[in-house]
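Worksheet for the structure shown next.
So that the names make sense, note that chain A is the first sequence line, chain B the second, and so on, each numbered from 1. What you see below is based on every heavy atom in this structure, not just the backbone, and it leaves out hydrogens, waters and symmetry mates. Here the structure is a predicted model, which means the values were calculated and not measured.
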Number of protein chains: 2
Amino acid sequence: MSITESHRVEQLDAGLSFAATPALRIAVVDRDTGFGTVLRRRAESLGWQQRDLTQVPAIDALVSMRLHALVIDPTLLGPQWAETIEYLRGNLPEMAIVVTTAPSSVGQRVRGIRAGADDWITKPCHPEELIARIESIMRRRKPAQGLTREPILAGDLSIRADQFQAFCEGRSLDLTRREFELLHLLADNPGNVLEREEIYQRVWGFQMAHGDRSVDVFIRKLRQKITLFSPGWDYIHTHFGVGYRFSPELPVAEKPVSAKAASAKRKAASVGKAAA
Amino acid sequence: MSITESHRVEQLDAGLSFAATPALRIAVVDRDTGFGTVLRRRAESLGWQQRDLTQVPAIDALVSMRLHALVIDPTLLGPQWAETIEYLRGNLPEMAIVVTTAPSSVGQRVRGIRAGADDWITKPCHPEELIARIESIMRRRKPAQGLTREPILAGDLSIRADQFQAFCEGRSLDLTRREFELLHLLADNPGNVLEREEIYQRVWGFQMAHGDRSVDVFIRKLRQKITLFSPGWDYIHTHFGVGYRFSPELPVAEKPVSAKAASAKRKAASVGKAAA
DNA sequence: ACTAGGTGTGAACGACTTGTGAACAAGACC
DNA sequence: GGTCTTGTTCACAAGTCGTTCACACCTAGT
């Protein structure tokens with residue numbers, strides 16, 4: 001029983017730090033601007049940002065909005081509404097999709113939810129309930145979302161999220177935003193192999209299209225810039241058929257041997273470098 | 001638009017393998033046994049396990065049920081219903097909580113959802129909608145994979161899903177992706193004999209063609225690489241006419257009874273000779 | 001034992017993945 | 001309107017890996 005007790009305490013603690021929903025960005029797609037207005041009053045008092053739209057934007061535009069939730073009336077989507085929801089869900093798996101409609105049939109609701117909607121609310125609907133339901137969905141979010149805000153030190157590099165930039169011995173690597181986000185993601189999971197799909201998903205924000213080489217190209221740019229400032233280290237390692245792994249290592253000219261030998265060589269190399 | 005198209009197709013593919021929600025365990029707490037009965041018919045046809053209860057069990061009992069979702073009517077919880085939900089949510093953060101009630105006020109719904117309910121459905125409610133909503137909640141959970149993400153220790157090996165690689169005393173076995181996935185699948189079901197068909201299905205992702213020997217070939221490659229790093233252990237065992245079984249065993253030099261052991265010995269001897 | 005079919009093994013081909021440079025498109029800024 | 005920066009797409013080269021095939025060997029039932 002004491003175990004259960006300690007359980008509870010921990011859980012509640014975790015719950016509290018979670019419950020304080022941070023400011024969310026939502027968009028309302030509806031013809032009835034009145035509903036958006038009412039909702040906005042409540043949302044903004046919570047510090048949320050709300051955007052009112054009269055149609056669903058293109059995926060790229062949606063991505064750049066970095067929404068947490070989309071509130072949508074499917075009557076605006078035409079007969080292909082379910083496919084549209086499926087499409088949105090596929091490309092923005094992190095974004096909550098809340099459907100609001102006039103009274104609907106069970107079949108419609110099931111179809112919408114199966115297509116990827118997180119909730120289906122019948123209008124008229126109290127804004128407070130809508131907000132509570134969005135919070136409920138957000139609560140389920142995988143916490144893996146955020147990356148460290150702390151500076152990351154790896155090899156000769158320091159990666160600073162607060163600056164959106166990486167430095168080597170105080171000098172900026174002059175990374176672009178995407179380059180930095182890619183490096184930050186990799187460096188935040190040192191030693192782990194990240195698949196291309198996941199990288200794309202987390203840096204670009206949507207599903208990777210088949211044959212897209214963007215990740216490879218940015219890896220090349222990253223390696224180029226990093227090598228320029230910090231040669232003598234291998235930071236990004238390719239895993240054939242899988243993806244990339246970040247892990248600062250001294251390239252062993254001879255052959256991959258035991259970790260002990262590698263570390264010895266590392267010491268030697270760094271000494272040599274210091275001397276030079 | 002062609003990009004968007006290929007996008008979509010992939011999504012549907014991914015969606016399919018996703019949509020097949022694995023068997024869930026749910027419990028229904030309600031006075032109206034009729035609702036539970038109707039729901040059970042649908043749930044069991046999906047392979048779900050359902051348990052009908054007339055009151056909320058103690059936390060320990062709930063924990064041991066390992067439920068994915070709890071469907072509950074708050075009128076059974078008395079005046080402290082919201083606190084009870086909060087308590088459940090705190091102690092079982094992974095479990096979905098779905099509230100079903102007769103028509104209720106906005107205030108009640110908001111309170112219930114804020115307390116931790118994942119959804120609030122008004123009765124009467126179609127079982128299909130309830131199921132769809134539970135699936136929607138489950139969709140937000142990450143893993144979705146059938147395999148463990150935790151490192152697996154077996155004999156001298158450690159198999160790490162996060163690295164897509166197996167190690168023996170810290171040294172990488174240098175497995176390719178397929179090799180690793182095969183080993184991972186086997187090692188995740190230690191002691192179980194997996195049929196070729198199933199292996200192919202789960203590693204390659206589609207139906208095995210008649211006469212396909214890929215599984216055999218990869219088993220050989222695996223055994224080769226594993227033996228290289230960890231001789232002295234038998235990890236993968238052949239079951240004639242069936243498939244393979246993973247189970248780290250120390251081959252007993254004594255028992256010459258089994259023909260299998262004999263052939264293994266012969267093999268080892270010939271390898272040794274070749275090396276010498 | 002004998003045989004039919006299942007399994008182990010090695011090698012070779014071909015398909016796919018990745019690295020790389022450069023052209024192209026889209027915005028930001030002056 | 002230009003120019004610069006940034007991100008995307010293309011084409012080609014160089015590797016890597018997966019599949020297939022042939023053949024030897026083993027198993028199980030007759």
Side-chain angles (χ1 to χ4, degrees), chain A residues 58-61 63-64 164-165 172-183 193-197 199-200 203-206 208-227 234 236-245, chain B residues 1-4 6-7 164-165 173-183 193-197 199-200 203-206 208-228 234 236-245 257-271 274:
Chain A
I59 285 292
D60 293 2
V63 167
S64 67
F164 283 86
Q165 194 53 253
S172 163
L173 291 210
D174 209 15
L175 303 178
T176 70
R177 184 192 180 116
R178 277 243 199 285
E179 286 165 359
F180 172 77
E181 285 178 347
L182 174 56
L183 177 61
V193 180
L194 298 180
E195 295 183 71
R196 279 189 178 66
E197 313 276 341
I199 292 172
Y200 196 88
V203 172
W204 274 257
F206 52 95
M208 187 171 85
H210 179 69
D212 194 312
R213 302 288 308 280
S214 304
V215 174
D216 303 64
V217 174
F218 272 83
I219 288 286
R220 173 170 57 92
K221 292 181 181 172
L222 261 185
R223 291 212 254 232
Q224 256 175 5
K225 291 193 176 175
I226 291 177
T227 305
D234 278 355
I236 301 173
H237 309 268
T238 305
H239 283 238
F240 197 96
V242 186
Y244 299 94
R245 171 176 56 89
Chain B
M1 208 50 183
S2 70
I3 294 169
T4 310
S6 71
H7 240 177
F164 288 85
Q165 195 55 251
L173 292 209
D174 209 16
L175 303 178
T176 70
R177 183 184 188 135
R178 277 244 201 285
E179 287 164 359
F180 172 78
E181 284 177 346
L182 174 55
L183 176 61
V193 180
L194 298 180
E195 295 182 62
R196 278 189 178 67
E197 314 277 340
I199 292 173
Y200 197 89
V203 172
W204 273 257
F206 47 91
M208 186 170 83
H210 179 69
D212 194 312
R213 303 288 309 281
S214 302
V215 174
D216 303 65
V217 173
F218 272 83
I219 289 286
R220 172 172 57 92
K221 292 182 182 172
L222 262 185
R223 291 211 255 233
Q224 253 176 9
K225 292 192 176 175
I226 292 177
T227 305
L228 222 153
D234 279 356
I236 301 174
H237 310 269
T238 306
H239 282 239
F240 195 92
V242 187
Y244 299 94
R245 172 177 55 89
V257 197
S258 128
K260 198 189 299 167
S263 85
K265 237 181 246 170
R266 188 175 317 163
K267 222 169 295 165
S270 77
V271 167

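When each of Val242(B) and Val242(A) is assigned the nucleotide of DNA chain C bearing its nearest heavy atom, the one mapping closer to the 5' terminus is Val242(B).
Taking 4.5 Å as the limit, some side-chain heavy atom of Leu183(A) sits within range of a side-chain heavy atom of Ile226(A). Arg177(B) is not listed as a side-chain neighbour of Val193(A), based on a closest heavy-atom distance of 4.5 Å or more. You'll find the side chain of Phe180(B) stays beyond 4.5 Å of the side chain of Val242(A), heavy atoms only. Using a 4.5 Å heavy-atom threshold, the side chains of Phe164(B) and Glu195(A) count as touching. For the pair Lys221(B) and Lys225(B), the minimum side-chain heavy-atom distance is 4.5 Å or more.
The side chain of Phe240(B) lies closest to dA28(D) when the candidates are dT19(D), dC17(D), dA28(D).
dC17(D) atom C1' lies 9 Å from atom NZ of Lys225(B), rounded to whole Å. Rounding to whole angstrom units, CD of residue Glu195(B) and P of dT7(C) are separated by 11 Å. Counting to the nearest Å, the C1' atom of dT8(D) and the CG atom of Leu182(A) are 15 Å from each other. Straight-line distance from the OH atom of Tyr200(B) to the P atom of dT7(C): 16 Å, rounded to whole Å. Atoms NE2 (His237(B)) and P (dT7(C)) sit 16 Å apart, rounded to a whole Å. Straight-line distance from the CG atom of Asp212(A) to the P atom of dT18(C): 13 Å, rounded to whole Å. The CG-C1' distance, from Asp174(B) to dT16(D), rounds to 12 Å in whole Å. When the C1' atom of dT9(D) is taken as reference, atom CE of Met208(A) falls 14 Å away, rounded to whole Å.
For the pair Arg177(B) and dG18(D), the criterion of a side-chain N or O lying under 4.0 Å from OP1 or OP2 is not met. In this structure, Trp204(A) does not reach the dG7(D) phosphate: none of its side-chain N or O atoms is under 4.0 Å from OP1 or OP2. For Arg178(A) and dT6(D), the shortest distance from a side-chain N or O to OP1 or OP2 is not below 4.0 Å. Remark: Tyr244(A) is in phosphate contact with dG19(C), judged by side-chain N or O atoms under 4.0 Å from OP1 or OP2. Taking side-chain N and O atoms only, Gln224(A) has no distance below 4.0 Å to OP1 or OP2 of dT20(C). Checking the phosphate oxygens (OP1, OP2) of dT7(C), a side-chain nitrogen or oxygen of Arg196(B) falls inside 4.0 Å. Remark: Thr176(B) is not in phosphate contact with dT16(D), judged by side-chain N or O atoms under 4.0 Å from OP1 or OP2.
Between the side chain of Ser172(A) and the main chain of Asp174(A), a donor-acceptor pair closer than 3.5 Å is present.
Proximity of residues 213-222 of chain A to DNA chain D (heavy atom under 4.0 angstrom from any strand atom) is restricted to Arg213(A), Val217(A), Phe218(A), Lys221(A).
Ring geometry for Phe218(B) versus Trp204(B): interplanar angle over 60°, hence perpendicular rather than tilted (30 to 60°).
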